[in-house]
Amino acid sequence: MEVKKSDPSSLDKTEKARLIVDMVTRIVVHYGLWFTEVRHQMGMEKALEVLEKATQKSVSIGLKRFSEVLDFQLEDGLPKALLDMDDEKIQALMGAVAKNWLVNDGVWFQSVEFDNGMNDAKRCNDSCWAQFSPYEAFAIKNFLKLDDDCGLEGLKEALNFRMYSVINEQSFVDECPESFVFLMNDCRVQSARKRKKLDDYPCKSAGLVEYEYFARAIDKRIKTECIGCPPDKHPEEWFCAWRFTMKN
């Protein structure tokens with residue numbers, strides 16, 4: 001729909017709504033670009049430190065401003081509507097957020113793949129995981145207040161709070177005090193391909209980055225080993241499996 005107006009105030013209500021959604025998208029992109037540039041200029045550790053400070057302020061200011069305009073209450077800095085939800089509904093909302101995250105990942109992948117081919121898409125995907133995995137580990141460590149030397153038990157807890165954990169089925173097998181195996185028993189992406197009678201998506205190159213970087217960001221002493229991940233053959237009970245060992 002073509003918009004030919006002199007300024008935003010002259011738009012009709014539908015066009016204003018579209019513009020607001022577009023403006024929120026710009027905030028998300030700008031936020032990501034700030035993080036990317038600080039990481040480039042100062043390194044990942046400093047970028048995560050700055051991100052934590054900026055996010056605390058930004059979210060607090062943003063929620064307060066939106067609550068005033070949209071007339072919703074805040075309680076302890078959170079929308080009261082969320083706090084008043086029954087458990088089933090808030091659990092469903094968590095699932096919707098996690099599914100949207102996964103869909104967003106797929107949309108980006110396909111947008112590159114359809115224009116530039118699978119190789120470029122996988123290259124971008126693997127590089128993205130090299131940045132997202134340590135960030136997600138950092139976010140979870142902060143949320144759970146895990147120590148830097150939280151070890152294998154800390155890693156188990158952190159794996160249970162990844163976005164994937166909300167929408168996939170996973171399990172742990174303890175081998176000894178120094179190691180355990182993590183199993184992705186049901187993967188939303190791979191199960192969808194299976195229902196369509198398609199081969200597994202070959203995600204091993206991304207997984208090698210994803211799991212190693214995540215574990216190392218939780219505790220630098222943890223070593224990661226791939227037991228199997230597509231295109232590797234695997235049993236019906238899992239799609240991928242990873243061994244985590246505490247290094248001496």
Side-chain angles (χ1 to χ4, degrees), residues 20-68 74-79 82-83 90 93-109 111-112 123-151 154-168 206-222 224 244:
I20 288 169
V21 172
D22 183 72
M23 290 167 71
V24 171
T25 302
R26 293 182 219 173
I27 291 175
V28 173
V29 173
H30 194 194
Y31 205 82
L33 290 173
W34 255 109
F35 175 74
T36 301
E37 192 56 32
V38 175
R39 187 192 66 216
H40 172 68
Q41 298 283 352
M42 304 179 185
M44 184 59 127
E45 187 173 343
K46 182 62 177 179
L48 291 173
E49 179 186 326
V50 173
L51 176 69
E52 181 181 11
K53 293 177 182 177
T55 299
Q56 288 177 354
K57 290 183 179 179
S58 179
V59 170
S60 176
I61 292 168
L63 282 175
K64 186 174 185 300
R65 185 160 284 127
F66 288 149
S67 71
E68 291 169 353
L74 294 176
E75 188 173 307
D76 296 327
L78 296 169
L82 284 177
L83 300 175
I90 201 165
L93 181 58
M94 263 198 295
V97 171
K99 289 171 187 174
N100 279 356
W101 164 77
L102 185 61
V103 167
N104 179 68
D105 185 61
V107 166
W108 269 98
F109 189 99
S111 295
V112 177
R123 182 167 54 83
C124 292
N125 180 59
D126 296 357
S127 296
C128 180
W129 275 110
Q131 309 306 324
F132 182 72
S133 265
Y135 163 68
E136 189 174 29
F138 172 82
I140 293 169
K141 281 179 76 172
N142 280 347
F143 184 81
L144 297 176
K145 295 180 170 53
L146 294 175
D147 295 329
D148 288 339
D149 58 351
C150 58
L155 176 59
K156 282 183 185 178
E157 192 174 2
L159 286 166
N160 276 332
F161 277 81
R162 292 185 70 209
M163 297 278 248
Y164 269 135
S165 70
V166 180
I167 51 178
N168 288 352
L208 289 168
V209 174
E210 172 188 347
Y211 285 97
E212 180 178 348
Y213 281 43
F214 184 87
R216 193 167 63 201
I218 294 296
D219 189 321
K220 293 179 180 178
R221 301 171 295 170
I222 298 174
T224 304
F244 298 103

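From a predicted model like this one, the values you see are computed outputs, not experimental measurements.
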Determine yes or no for a side-chain-to-main-chain donor-acceptor pair under 3.5 angstrom, with [X] supplying the side chain and [Y] the backbone.
X      : Y      : answer
Asp147 : Asp149 : no
Lys141 : Ile218 : yes
Ser67  : Leu63  : yes
Glu136 : Met163 : yes

With Ser111 via side-chain hydrogen bond (donor to acceptor under 3.5 Å, both in side chains) - residues at least two apart: none
Which pair of heavy atoms, one from [X] and one from [Y], lies closest together, and at what distance?
X      : Y      : value
Ala215 : Thr224 : CB-OG1, 3.5 Å
Val209 : Asp126 : CG1-O, 3.9 Å
Asn160 : Ser165 : O-OG, 2.9 Å
Leu208 : Glu212 : O-CB, 3.2 Å
Leu48  : Phe138 : O-CZ, 3.2 Å
Ala47  : Val38  : CA-CG1, 3.8 Å

Exceeds 12 heavy-atom contacts within 6.0 angstrom, atom CD of Glu37: yes
Within 6.0 Å of CG in Asn142, more than 12 heavy atoms from elsewhere: yes
Plane angle bin for His30 and Trp34 - parallel if under 30°, tilted between 30 and 60°, otherwise perpendicular: tilted
Salt-bridge contact Arg65-Glu68 (side-chain N to carboxylate O under 4.0 Å): no
Lys/Arg N to Asp/Glu carboxylate O, Asp148 vs Lys220, below 4.0 Å: no
Under the ring-ring contact (aromatic ring centres under 6.0 Å, His included) test, residues paired with Phe214 that sit two or more places apart: none
Phe109: ring-ring contact (aromatic ring centres under 6.0 Å, His included) partners, not counting sequence neighbours: Tyr201
Residue pair Met23, Ile27: steps toward the side-chain contact (heavy atoms from CB on, under 4.5 Å) verdict: CA-CA 6 Å; Met23 290 167 71; Ile27 291 175; 5.8 Å; no
Verdict with reasoning, Arg39 to Thr36, per side-chain contact (heavy atoms from CB on, under 4.5 Å): CA-CA 5 Å; Arg39 187 192 66 216; Thr36 301; 3.6 Å; yes
Tyr211 six-ring face occupied by Arg162 cation (under 6.0 Å, within 45°): yes
Side chain proximity check, Leu83 to Asp76, heavy atoms < 4.5 angstrom: no
Thr55 and Tyr31 side chains, donor-acceptor separation under 3.5 Å: yes
Straight-line distance of Glu157 CD to Leu144 CG, nearest 0.5 Å: 4.5 Å
Criterion side-chain contact (heavy atoms from CB on, under 4.5 Å) on Asn125 and Asp105, from CA distance to verdict: CA-CA 9 Å; Asn125 180 59; Asp105 185 61; 4.0 Å; yes
Aromatic contact, Trp101 with Tyr164 (centres under 6.0 Å): yes
